[in-house]
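Worksheet: the structure to be examined is printed underneath.
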Amino acid sequence: VLAFTYVGGSENDRVNGIAIAPNGDIWVAGTTSSTNLPTTPSKGGAGTGTDDGFVLKFSSTLDKVIGGRYLAGAAADEALAIACRNDNVAVICGRTKSDKGLPNPGGHDQTHNGGWDGFVAVIATNGADVESFSYYGSTGDEAFTTVAIDVEGAAVVAGTTTSNDLETIPKKTLVWVEDGGRDPYYGGGGGWKEVGDDAFDKEYNGGPNDALLCRFMGDGALKIATYVGGSGEESPASVMVDADHHPVIVGTTTSANFPMPAGSSVPFGGKQDVFLISINREGLAQRYGRFVGGEEVDIATSAVMMANGNVMMTGTTTSTDLATVGVGSTRVSEGGLDGFVANVNSQDVKFMSLVGWSADDTPTCIALDTDGNVLLAGTTLSDLPDGKRIGPSQSFVAKRVFGLLEYRTPTAGGAVCTGTTQNVTWTTNDIAATATYAVETSGDDGATWTAVASALKSKSYQWKVPTPPT
């Protein structure tokens with residue numbers, strides 16, 4: 001553990017999102033009933049003691065609170081996700097019932113619309129000043145649950161809605177078109193004509209709720225707003241922006257008629273499936289979509305965009321018929337509720353495997369390291385291989401390395417003579433051709449290791465067996 005800190009005050013506190021700024025500062029956002037969080041004096045607002053949103057900014061080593069503030073209005077407020085722009089400014093999204101008391105520096109909608117409204121807030125680099133704030137909602141309930149930043153620094157947010165009368169953007173407008181100058185007395189003069197385009201989906205699709213996708217500029221101006229869903233229930237897990245600046249959403253749906261491109265060959269699998277969908281950057285049309293799942297309940301919890309444009313996702317599943325794709329994959333359940341990891345694009349599943357141990361395991365977050373390996377975090381009821389479970393439930397962190405390396409020579413368990421040269425060889429499967437390798441030796445059954453060679457491009461090494469000291 002490189003660094004650790006508690007986040008909270010004297011009452012109940014929950015961190016719902018974390019983001020690392022380009023300068024290394026660490027931001028967290030969440031919900032609290034504490035009134036004594038370490039917010040910025042005179043700028044951080046005050047907590048109400050009930051459900052308040054909050055944001056805190058820490059140094060990269062977690063040893064200092066740089067700034068922070070409450071997002072606390074007259075009713076319940078929840079900060080549910082956070083992301084950082086290239087200028088180290090933070091963008092927070094969530095939901096609120098407050099019709100007054102929240103910061104109001106300007107934005108698309110400054111009026112609460114009833115029930116739960118979604119909101120987007122831009123927080124300055126000092127961690128306290130609010131640069132813009134906007135409600136988004138209508139007669140039902142809205143929540144923004146995930147946020148990403150695009151190339152223009154705009155906040156691309158996804159969430160849920162129960163409203164059937166949301167404002168969608170873009171939308172067609174009526175303009176008066178002259179008819180070429182004919183005298184109106186003789187029937188001339190022109191007429192009204194629709195121009196422009198409507199958003200991808202401007203109508204509520206039914207069921208308990210739809211997903212929604214919006215794009216807010218830094219000043220709070222709303223550029224895209226569209227429904228996304230079918231006749232069942234949708235729940236976005238992660239929104240991303242690809243290299244061509246198009247929004248991509250991963251989530252969960254119960255809708256067999258969730259929007260899919262014409263000719264899609266991947267049917268709705270069962271009771272509840274994961275969905276992957278991309279809407280173009282103008283908010284006008286679907287670029288691609290597909291289901292991921294089996295015959296039972298499959299739930300997406302987190303996803304991340306890969307360098308090649310694929311999406312690496314995780315979640316939970318009770319399906320026993322998930323496809324197993326890729327070296328080292330498995331669909332054999334070890335017991336209880338299992339997690340899954342999948343590498344998916346618009347056409348194919350490139351990797352799919354169950355992740356779990358002896359009991360219920362729920363991956364809730366996913367990230368990629370610089371080598372493209374998967375890092376998972378979540379909760380588990382299992383006794384993990386490297387330690388005994390303490391209490392009924394505990395958090396876990398796991399790393400999934402792709403590909404297979406098989407040691408070949410010298411033969412395991414065989415004897416070699418000091419001073420001789422041995423040809424150390426190995427084979428690989430599904431490891432990049434550009435990968436490099438290291439050779440290490442151990443003289444105490446793996447307790448300690450000594451580096452022999454590194455940055456090898458071939459799959460062999462001529463090792464001279466050292467003579468032990470006398």
Side-chain angles (χ1 to χ4, degrees), residues 228 230 234-240 242-243 246-256 258-279 286-334 337-356 361-369 371-376 378 398-404 429-432:
V228 180
E234 280 71 43
S235 178
S238 294
V239 66
M240 298 150 282
D242 68 16
H246 301 296
V248 178
I249 308 174
V250 168
T252 306
T253 182
T254 62
S255 302
F258 187 88
M260 290 292 164
S264 174
S265 60
V266 183
F268 183 72
K271 300 174 182 177
Q272 199 165 0
D273 269 7
V274 174
F275 69 80
L276 168 67
I277 190 171
S278 178
I279 307 298
Q286 180 180 15
R287 297 179 59 244
Y288 61 78
R290 65 168 296 129
F291 294 114
V292 179
E295 62 186 4
E296 291 296 328
V297 175
D298 310 288
I299 298 173
T301 57
S302 184
V304 62
M305 183 71 64
M306 302 174 67
N308 63 2
N310 288 5
V311 173
M312 190 73 74
M313 63 180 69
T314 191
T316 60
T317 181
T318 60
S319 295
T320 59
D321 61 335
L322 284 182
T324 52
V325 181
V327 174
S329 63
T330 180
R331 65 178 176 190
V332 177
S333 175
E334 298 294 333
L337 179 69
D338 284 316
F340 72 86
V341 173
N343 174 352
V344 181
N345 61 30
S346 61
Q347 301 296 321
D348 298 300
V349 176
K350 297 296 185 181
F351 181 86
M352 171 80 81
S353 180
L354 294 183
V355 176
D361 310 292
T362 305
T364 55
C365 301
I366 190 169
L368 301 176
D369 68 14
D371 295 321
N373 300 312
V374 169
L375 300 171
L376 297 174
K399 181 176 181 178
R400 174 97 197 189
V401 178
F402 293 99
L404 177 68
N429 189 350
D430 202 27
I431 293 179

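Count residues from 1 along the sequence. In what follows, every heavy atom counts, from backbone to side chain, and hydrogens, waters and symmetry copies are set aside.
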Residues R400, D369: salt bridge by 4.0 Å N-O rule: no
Kindly state whether the ring of F351 and the ring of F402 have centres lying under 6.0 angstrom apart. yes
Distance in Å, L276 CG paired with M260 CE, rounded so as to fall on 0.5 Å steps: 8.0 Å
Point-to-point distance, once rounded to the nearest 0.5 Å, from CE of M352 to CG of L322: 5.0 Å
Minimal non-hydrogen separation, D321 against G294, with atom names: OD1-CA, 3.3 Å
Atom of S278, atom of P247 and distance for their closest heavy-atom approach: OG-O, 3.0 Å
With side chains defined as the heavy atoms from C-beta onward, is the minimum distance between V248 and M305 less than 4.5 Å? yes
Measure across T362 and T316 and return the closest heavy-atom pair with its distance rounded to 0.1 Å. CG2-CG2, 3.7 Å
Could you tell me which non-hydrogen atom of P363 sits nearest to which non-hydrogen atom of T314, and how far apart they are? CB-OG1, 3.3 Å
Of I366, T301, V344, V304, the residue whose pairing with M313 passes side-chain contact (heavy atoms from CB on, under 4.5 Å): V344
Value rounded to 0.5 Å, distance of OG1 in T320 from CD in E296: 7.0 Å
Hey, does L354 have a side-chain heavy atom less than 4.5 Å from the side chain of V332? no
Could you tell me the separation between the CG atom of D273 and the CZ atom of R290, rounded to the nearest 0.5 Å? 10.5 Å
Just wondering, do T317 and Q272 contact through their side chains at under 4.5 Å, heavy atoms? no
Give me the one residue out of V274, T252, V292 that meets side-chain contact (heavy atoms from CB on, under 4.5 Å) with D298. V274
Side chain to side chain contact (heavy atoms under 4.5 Å, CB included) for L337 and T318? Distances and angles first, verdict last. CA-CA 6 Å; L337 179 69; T318 60; 3.7 Å; yes
Are the side chains of M240 and V250 in contact, using a 4.5 Å heavy-atom criterion? yes
So how far is it from I299 CD1 to F340 CZ, rounded to the nearest 0.5 Å? 9.0 Å
Go through the steps to decide whether K399 and V374 satisfy the test side chain to side chain contact (heavy atoms under 4.5 Å, CB included), and finish with yes or no. CA-CA 6 Å; K399 181 176 181 178; V374 169; over 6 Å; no
My understanding is that only residues two or more places apart in sequence, or in another chain, count here; which of them pass side-chain contact (heavy atoms from CB on, under 4.5 Å) with S255? E234, T253, N257, F258
For V355 and V341 the tightest heavy-atom approach is CG2-CG2, 3.5 Å
Considering non-hydrogen atoms only, spot the tightest contact between V311 and A303 and give its length. CG1-CB, 3.9 Å
If I take atom NZ from residue K350 and atom CE from residue M306, how far apart are they, to the nearest 0.5 angstrom? 10.5 Å
As a test of understanding, state which of N310, D348, N308 forms a side-chain hydrogen bond (donor to acceptor under 3.5 Å, both in side chains) with N343. N310
Salt bridge between D338 and R331, side-chain N to carboxylate O under 4.0 Å? no
